[in-house]
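Both counts, for ligands and for their atoms, begin at 1 and track the order of listing. Predicted, not measured: the structure shown is a model, and the values here were computed from it.
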Amino acid sequence: MTHYDAVVIGAGAAGMMCAATSGQRGRRVLLIEHYHKLGEKIRISGGGRCNFTNTGAGPANYLSGNPDFCRSALARFTPRDFIDLIERHGIAYHEKKLGQLFCDGPSTQIIDMLRAQCDAGGVEWWMPCPVDAVSRDGAMFRVATPHGVADAPALVVATGGLTVPKIGATPFAYRIAEQFGLRVVPPRPALVPLAFAPDALARYGDLAGVSVDAEIAFGEARFRENLLFTHRGLSGPAILQVSSYWDGRSPLSIDLLPDVDAVAWLADHRRSSARLDTLLSEKLPRRFAQQWCEAHDAAHPLCEFTADELAAHAARLKRWPVLPSGTLGYAKAEVTVGGIDTRDLSSKTMAALAVPGLHFIGEAVDVTGWLGGYNFQWAWASAHAAGSAV
Ligand SMILES: Cc1cc2nc3c(=O)[nH]c(=O)nc-3n(C[C@H](O)[C@H](O)[C@H](O)COP(=O)(O)OP(=O)(O)OC[C@H]3O[C@@H](n4cnc5c(N)ncnc54)[C@H](O)[C@@H]3O)c2cc1C
């Protein structure tokens with residue numbers, strides 16, 4: 001049995017950040033990772049350039065059963081704090097759009113930086129090393145592994161969510177939460193492409209690669225960015241964003257002409273002999289305009305429509321209802337919505353309220369960011385909160 005001040009399970013973004021923070025405070029920290037490659041999700045993130053934070057990150061950019069839960073951690077470790085860290089490590093970066101910061105070079109620079117931060121804190125590693133069992137003996141947590149048994153008064157679970165199982169994701173955090181009596185908000189894939197039902201796929205499937213600047217709404221959530229047709233359905237930033245809010249049952253509402261007063265625009269052309277799909281091609285990809293008009297029996301000369309028919313088409317272009325058949329699941333999702341219920345955690349330290357010393361951080365917790373660097377910022381901030389406490 002080896003004794004530590006803290007054992008951190010999962011050496012992803014949050015786990016490495018937490019171990020480094022605690023280690024640099026003079027604590028003896030063990031980091032256990034079961035996968036044979038380090039930081040795979042960081043490596044593949046942001047198309048290989050890691051969108052490591054968002055300068056505008058705030059509570060409004062996160063989904064959670066308690067939208068205020070993330071406030072304290074985000075305020076105590078800000079995007080500026082992470083930028084300072086990467087500047088100290090000489091990592092060059094740039095803003096792509098909407099406050100999204102990416103590395104100029106490969107995202108492995110972020111993994112190397114976190115590793116160096118752990119080294120600076122004297123963090124010990126067991127990797128690759130599965131965890132066989134976790135138990136509690138008085139004030140101590142005992143972690144049994146094939147490498148031996150470690151015990152510590154603090155255990156931090158940083159094993160992430162369920163996305164991309166082929167690079168190491170497991171439901172470990174949820175199992176530990178259940179073992180110690182914490183509630184788990186049912187997880188589901190988020191920031192995920194959506195599948196068309198067979199009839200829509202037959203109509204729009206060969207538009208794969210076509211993109212449309214659209215505003216997509218579901219309930220109160222509303223995102224204006226690109227929508228991309230794929231050979232299975234819909235993707236692109238606007239779809240990924242809204243997917244996190246979609247209930248899986250009700251249609252999305254897509255505004256295909258977000259900058260246009262469609263009623264007035266179509267009315268202005270109501271005497272034209274041009275077909276509606278030809279007019280729409282001025283503002284939408286031509287092949288999509290044709291398919292959309294055929295689907296809505298609208299591929300006719302504008303002068304043949306009554307004023308009411310034109311107004312109805314205008315309304316449909318502004319609120320095109322699309323009911324996907326489902327998502328493409330955890331294999332294609334960027335994050336997991338749901339996780340350890342924030343009602344059972346301290347927002348200051350990420351510790352379980354009823355189990356002193358047991359902490360959950362990162363994506364395992366029921367806090368999920370939008371697309372655009374928000375998820376890493378939550379990983380850094382929640383890790384820093386726990387790492388400052390253990
Ligand atoms: C393709 C893709 C691109 C993304 N791009 C971005 C982006 O650009 N910007 C952004 O903000 N977010 C992005 N994300 C989301 C981001 O990667 C995650 O939100 C973030 O990595 C979560 O950090 P984490 O440390 O909580 O979990 P993870 O990074 O998933 O780390 C969890 C670690 O725990 C390990 N583990 C799991 N189970 C066990 C176990 N039983 N025992 C021991 N170890 C275990 C895993 O192997 C892993 O190393 C992307 C995600 C994907 C899939």
Looking at ligand 1, does Pro130 have a heavy atom less than 4.0 Å from it? no

Would Gln109 and His89 count as having a side-chain donor-acceptor pair, cut-off 3.5 Å? no

Going by the atom numbers of ligand 1, which of them fall below 4.0 Å from some non-hydrogen atom of Gly362? 26 (O)

Give the atom numbers and elements of ligand 1 that come within less than 4.0 Å of a heavy atom of Asn375. 11 (O), 12 (N), 19 (O)

Heavy-atom proximity to atom 46 (C) of ligand 1, best of Glu33, Lys41, Arg43, Met16: Glu33

Identify which of Asn51, Thr170, Val365 has a heavy atom lying nearest to atom 38 (N) of ligand 1. Thr170

Mark yes or no for whether Asp344, through its side chain, and Arg183, through its backbone, hold a donor-acceptor pair below 3.5 Å. yes

Side chains of residues 336-343: which donor-acceptor partners sit under 3.5 Å, not counting sequence neighbours?
{"unit_1": "Thr336", "atom_1": "OG1", "unit_2": "Leu162", "atom_2": "N", "d": "2.9"}
{"unit_1": "Thr336", "atom_1": "OG1", "unit_2": "Glu363", "atom_2": "OE2", "d": "3.4"}
{"unit_1": "Asp341", "atom_1": "OD1", "unit_2": "Arg343", "atom_2": "N", "d": "3.0"}
{"unit_1": "Asp341", "atom_1": "OD1", "unit_2": "Arg343", "atom_2": "NE", "d": "3.2"}
{"unit_1": "Asp341", "atom_1": "OD2", "unit_2": "Arg343", "atom_2": "NE", "d": "3.2"}
{"unit_1": "Asp341", "atom_1": "OD2", "unit_2": "Arg343", "atom_2": "NH2", "d": "2.7"}

Name the orientation class of the two ring planes belonging to Phe305 and His313 (parallel below 30°, tilted from 30 to 60°, perpendicular beyond 60°). perpendicular

Atoms of ligand 1 less than 4.0 Å from Ala13 heavy atoms? 23 (O), 25 (O), 29 (O)

Where is the nearest protein heavy atom to atom 31 (O) of ligand 1: which residue, which atom, and how far? Gly12 CA, 3.3 Å

Test your reading of the model: is there a side-chain donor-acceptor pair from Arg49 to the backbone of Asp104, 3.5 Å cut-off? yes

Counting only nitrogen or oxygen atoms and a 3.5 angstrom limit, does Gly46 reach ligand 1? yes

Measure centre to centre between the rings of Tyr374 and Trp378, then say whether the value is under 6.0 Å. no

Should you measure from each heavy atom of Ala333, which atoms of ligand 1 turn up under 4.0 Å away? 53 (C)

Pick whichever of Gln100, Gln377, Glu363, Met17 has a heavy atom sitting closest to atom 19 (O) of ligand 1. Glu363

Ala57, Ala158, Ala364, Ser45: member with heavy atom nearest to atom 6 (C) of ligand 1: Ser45

Salt bridge check: are Glu87 and Arg80 linked by an N-O gap of less than 4.0 Å? yes

Is there a heavy atom of Ala169 sitting under 4.0 angstrom from any atom of ligand 1? no

A student checking ligand 1 against Val335 at a 4.0 Å heavy-atom cut-off should list atoms 15 (C), 19 (O)

Arg88 and Asp84 ion-paired at < 4.0 Å: no

Which ligand 1 atoms are under 4.0 Å away from a heavy-atom of Ile9? 42 (N), 43 (C)

Salt bridge (charged side-chain N to carboxylate O under 4.0 Å, His left out) evaluation trace for Asp259 with Arg224: CA-CA 10 Å; Asp259 290 325; Arg224 164 87 186 264; 2.8 Å; yes

Please state which option from Tyr374, Phe172, Tyr35, Phe376 has its nearest heavy atom closest to atom 17 (O) of ligand 1. Phe376

Give the numbers and elements of all ligand 1 atoms closer than 4.0 Å to a heavy atom of Val164. 53 (C)

Judging by distance only, is a nitrogen or oxygen of Ala14 under 3.5 angstrom from one on ligand 1? yes

Apply salt bridge (Lys or Arg N to Asp or Glu O under 4.0 Å) to Arg136 and list each qualifying residue two or more places apart in sequence or on a separate chain. none

With the threshold set at under 4.0 angstrom, would you say Ala383 reaches ligand 1 through any of its heavy atoms? no

Mind telling me whether His94 and Phe102 have parallel, tilted or perpendicular rings, with 30° and 60° as the class edges? parallel

If you draw the axis of the six-membered ring of Trp246, does the NZ or CZ of Arg188 fall within 45° of it and under 6.0 Å from the ring centre? no

Could you name the option among Leu38, Ile42, Ile44, Val143 that has the heavy atom nearest to atom 1 (C) of ligand 1? Ile44

